[in-house]
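Note that the numbering runs from 1 along the sequence shown for the chain. Quick caveat, the model's predicted, so the values are computed rather than measured. Keep in mind that the numbers below use all heavy atoms, side chains included, and drop hydrogens, waters and symmetry copies.
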Amino acid sequence: MSTRFEGSYLGDAARLASDAVLECKVCWYRYDPALGDEVWQIPPGTPFAALPAHWCCPRCDGDREQFMVVDD
C-alpha cells in the first residue's frame with residue numbers, strides 16, 4: 001500500500017507520485033506530467049520531480065515550492 005500525499009510537497013520530490021498533477025497556489029496554473037510544459041519545452045511524460053532545478057511556474061514565475069498536489 002502506498003502512502004498518499006496531499007497538499008504542498010515542500011520541495012520533497014520523493015513524496016510525489018510520477019503522475020501527480022500539481023497546481024501553483026499563486027496563479028492556479030496546473031502542471032500535468034502527461035502534457036509537459038510548452039513554455040519551458042518540457043516533453044510530455046516528465047514527472048514534476050524530474051523538472052529542471054531552474055523550472056518555475058510558466059505563468060507567474062512562482063517557485064516550485066509554491067505548487068500543491070491536486071486531488072481531483
inquiry  = For the CG atom of Asp71 and the CD atom of Glu23, what is their distance to the nearest 0.5 Å?
reply    = 11.5 Å
query = After noting the C-alpha distance and the side-chain angles of Cys57 and Phe67, does the key distance pass the side-chain contact (heavy atoms from CB on, under 4.5 Å) rule?
reply = CA-CA 9 Å; Cys57 179; Phe67 278 71; 3.8 Å; yes
remark   = When every non-hydrogen atom of Ser18 is compared with those of Pro33, the smallest separation belongs to O-CG, 3.6 Å
message = Could you check whether any side-chain N or O of Asp63 sits under 3.5 Å from a backbone N or O of Glu65, counting only pairs where one atom can act as donor and the other as acceptor?
response = no
request  = Looking only at non-hydrogen atoms, find the nearest pair between Ile42 and Pro52 and report the distance.
outcome  = CD1-CD, 3.7 Å
Pairs involving residues 40-60, ordered by first then second residue, that meet side chain to side chain donor-acceptor pair (under 3.5 Å) (sequence neighbours left out) = Asp37-Trp55
query = When rounded to the nearest 0.5 angstrom, what is the spacing between CZ in Phe48 and CG in Leu22?
reply = 5.0 Å
ask   = In Å and rounded to the nearest 0.5 Å, what is the OH to CD distance from Tyr29 to Gln66?
value = 15.5 Å
query = In the single-linkage hydrophobic clustering (I, L, V, M, F, W, Y; side-chain heavy atoms under 4.5 Å), do Val26 and Met68 co-cluster?
reply = no
query = So which heavy atom on Cys56 is nearest to which on Asp61, and how close?
reply = SG-OD1, 3.7 Å
